[in-house]
Amino acid sequence: MALRLYNTMSSRIEEFHPLRDNEVRMYACGPTVYDYGHIGNFRTFVAVDLLYRYFRQSGYGVRYVMNITDVDDKIIRNAARDGVSVQQYTARYEKAFVEDAAMINIEPPKLVRATENIPQMAEFVSRLVEKRLAYRADDGSYYFRIAKFPEYGKLSKKDFKGMLDGARVDVDEYDKDSARDFALWKAAKPDEASWDTPIGAGRPGWHLECSVMSMQELGESFDLHAGGEDLVFPHHENEIAQSESLTGKPFAHFWFHARFLLVEGEKMSKSSGNFFTLRDLVLKGHKPSSIRYLLTSVPYRNQLNFTFDGLKQAAVSVERLRNFRLRLSAGNFPAGATPEMQSLASETVDRMRAALDDDLNTAQAQGAIFEMVRQSNAAFDTDGIKQDDVAPLLAALAKFDEIFAVLDDDDGPKMKRVFEWASGEGREKDISNELHEAIQSGAQSDADIEEKIAQMKAARAARDFKASDVLRAELAEAGIIVEITKDGIRWRRK
RNA sequence: GGCGCGGUACCCAAGUGGUAAGGGAGAGGUCUGCAAAACCUUUAUGCGUCGGUUCGAUUCCGACCCGCGCCUCCA
């Protein structure tokens, strides 16, 4: 069964087939590195990550490129405010972005930077000018002539026909032939970062970098272009206009857009007080795995209401999955295999893949895995799982985690890094008690814990439950949960 | 105003022209020295409201109400 994806261009769900056999070339609009990434940014990046992972699981080789916008108005303004160069300013936020992405298990794409492709962008503009698709304004800026691209608006389904004849030109836009013409290149201004190029001194407009870098990395036509829903217009529309009018070829074949999320039922905004960076959430004591899980629990085209209650629920759900894996890995099973468990495992994989094939229906894929967990746990309780059933069940779980990436418990070390970062930034006051506790549980080394567990075992062998309970309480205090089962003692971090 | 999306149990959230996945939470129970984990039972005759089509609609159509998005370099 083939993957079916919603394509913004056609407004329909279509079967996905790469242009070249077995190779997917995809490009995602990445962050403008002027601040720490917020949870909304990461919803989009996680959605694209899921798609990337699913392409790979489906057997494709994938070339996945993401841009870093490291020059724009905000960056120039903030760098000037801080009295540092644009490069100095963006370096720390690009680093933060990479760290944050790793924290929620986003597989790294190839990153390309706007400022490292300035000559190519200038070259692109001059080719547009040669073809009379762009023009130079009096101040040295360059604009794309929208009237030259009749298909303008085809992605966002906007009709500009009435506006293309220049009848209603804003008085402010004195330099432009038509109000809708967009800037390709902005002429240098005093005290602003600029680059000397054959088309003059200045800096690129926002849309240019994505056309230039995507084509450079992936070719004039490639498979899929992704981003947040707000980018449909004008950003992606403009990319299409400048790219297709220049090459005469279709630009991206699939357009993939993730819907915005709500935070506590409202649009996220700084003024509403519901604006959170990823680091803010970790400082509040939430695990990266909970955040990732919550972000993946609603299909990417639906509005996701990101709430703290939801974060807690996500944490419990992840714990349930981790407990299940631990139980399978650590248990003793009778020899043999059962047909029921064998088929349960394979049906679960089929159901997950069918769900993901259906425009990445992550909620349904999660439903499938939980169904398997429940049935397996029930079988477990009645010795219905045999030795040879374990591997297929674990394999199904692994298949799930290749996409969702929440099972491995490395939350402790990750949270510790955020803790250290906040301390280094002098933000101790933002560190919650919950984060302190979480760090504590990660502070115990495995060896220390195993030592205590061994003592517990000895005490229990002597039927000294009192001593055993004291040890268990000590470990609980340190954030370690101990479980006594018929197969022995198991432990995990809270 | 133009274009588009959604309203499903206490919360989150799938889904289908034939009678409601899954997760969380609550209640009761099983297991257990006690915990924890796990399992079982239970919680929507109901899927925004009102009409229509149909043997039958939550699912299709229409109207209305509510929420949300884009149309302003915010993912």
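In what follows, chains carry the letters A, B, and so on, assigned in the order in which the sequence lines appear, proteins first and then strands, with residues in each chain numbered from 1. Atom set for the values below is all heavy atoms of this structure, side chains included, hydrogens, waters and symmetry mates excluded.
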Using only side-chain N and O atoms of [X], determine if any of them is under 4.0 Å from OP1 or OP2 of [N].
X      : N      : answer
A:N377 : B:rA38 : no
A:K267 : B:rA75 : no
A:N302 : B:rA14 : yes

Take atom [atom1] of [X] and atom [atom2] of [N], then tell me their distance rounded to the nearest Å.
X      : N      : atom1 : atom2 : answer
A:Y36  : B:rA75 : OH    : C1'   : 19 Å
A:K154 : B:rC3  : NZ    : C1'   : 18 Å
A:Q364 : B:rG15 : CD    : P     : 6 Å
A:R351 : B:rG22 : CZ    : C1'   : 9 Å
A:L261 : B:rA75 : CG    : P     : 12 Å
A:Y6   : B:rG6  : OH    : C1'   : 14 Å
A:R301 : B:rC68 : CZ    : C1'   : 16 Å
A:R43  : B:rC12 : CZ    : C1'   : 13 Å

Base partner of [N], which must satisfy Watson-Crick or wobble distances under 3.5 Å:
N      : result
B:rU72 : none
B:rA9  : none
B:rA21 : none
B:rC50 : B:rG62
B:rC31 : none
B:rU42 : B:rG26

Can you find a donor-acceptor pair, distance only, under 3.5 Å between [X] side chain and [N] base?
X      : N      : answer
A:Q313 : B:rG23 : yes
A:R472 : B:rC34 : yes
A:R460 : B:rG33 : yes
A:D309 : B:rG24 : no
A:R374 : B:rC39 : no

Side chain of [X] only, heavy atoms from C-beta on: which candidate in [options] is closest?
X      : options                : answer
A:F260 : B:rG33, B:rC68, B:rC70 : B:rC70
A:R327 : B:rA38, B:rA14, B:rG23 : B:rA38
A:S468 : B:rC3, B:rC70, B:rG33  : B:rG33
A:E371 : B:rC70, B:rG22, B:rA13 : B:rG22
A:R492 : B:rA37, B:rA75, B:rG33 : B:rA37
A:K158 : B:rC3, B:rA75, B:rC70  : B:rC70
A:N361 : B:rA75, B:rC3, B:rA14  : B:rA14
A:R180 : B:rG33, B:rU72, B:rA14 : B:rU72

Could you work out the separation of [N] and [M] based on their [atom1] atoms and round it to a whole Å?
N      : M      : atom1 : value
B:rC12 : B:rC74 : P     : 30 Å
B:rA21 : B:rC47 : P     : 15 Å
B:rA9  : B:rG23 : C1'   : 13 Å
B:rG7  : B:rA14 : C1'   : 15 Å
B:rA37 : B:rA27 : P     : 15 Å
B:rC70 : B:rG17 : P     : 32 Å
B:rG56 : B:rU19 : C1'   : 9 Å
B:rA36 : B:rG29 : P     : 15 Å

Describe the nucleic acid contact of [X] in one word from base, sugar-phosphate, nothing, applying a heavy-atom distance below 4.0 Å.
X      : answer
A:F465 : base
A:R259 : base
A:H38  : base
A:I484 : base
A:A363 : base
A:P31  : nothing
A:K74  : sugar-phosphate
A:V232 : nothing
A:G40  : base

- Message: Taking the cut-offs as 6.0 angstrom to the six-membered ring centre and 45 degrees off its axis, would you call A:K270 and A:F275 a cation-pi pair?
- Response: yes
- Determine, for A:D49 against A:R53, whether the closest basic-nitrogen to carboxylate-oxygen distance falls under 4.0 angstrom.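 Looking at A:R53 together with A:D49, the answer is yes, because their closest N to O distance falls below 4.0 Å.
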- Task: Give a yes or no on whether a salt bridge exists between A:R203 and A:E192, defined as a side-chain N under 4.0 angstrom from a carboxylate O.
- Result: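 Salt bridge between A:R203 and A:E192, a charged N being under 4.0 Å from a carboxylate O: yes.
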- Please tell me which of A:R203 and A:N323 maps to the more 5' nucleotide of RNA chain B, matching each residue to the nucleotide holding its nearest heavy atom.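 Closer to the 5' end of RNA chain B: A:N323.
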- RNA chain B nearest-nucleotide lookup for A:G310 and A:G205: closer to the 5′ end is A:G310
- Side-chain heavy atoms of A:F276 within contact of A:E264, under 4.5 Å: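 A:F276 does not reach A:E264 side chain to side chain.
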- Task: Could you check if a side-chain atom of A:M456 sits within less than 4.5 angstrom of a side-chain atom of A:S468, using non-hydrogen atoms only?
- Result: yes
- Message: Centroid distance below 5.5 Å plus an interplanar angle below 30 degrees: do A:F370 and B:rG23 meet both conditions?
- Response: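 Stacking is absent between B:rG23 and A:F370, given that the ring centres and planes do not meet under 5.5 Å and under 30°.
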- Message: Tell me whether A:D159 contacts the main-chain N or O of A:G153 through its side chain, where contact means a donor paired with an acceptor under 3.5 Å.
- Response: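 Answer holds: no.
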- Task: Calculate, to the nearest 0.5 Å, the distance between atoms OG1 and CD1 belonging to A:T115 and A:I68 respectively.
- Result: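 CD1 of A:I68 is found 10.0 Å from OG1 of A:T115.
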- If the plane angle is over 60° it's perpendicular, under 30° parallel, otherwise tilted; pick one for A:H236 and A:W255.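 A:H236 and A:W255: tilted rings.
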- Item | A:E14-A:S10 side chain donor-acceptor pair, cut-off 3.5 Å | yes
- Query: In a check of ring pair (Phe, Tyr, Trp, His ring centres under 6.0 Å) between A:F256 and each of A:Y6, A:Y300, A:Y27, which one passes?
  - Reply: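 Only match with A:F256 under ring pair (Phe, Tyr, Trp, His ring centres under 6.0 Å): A:Y300.
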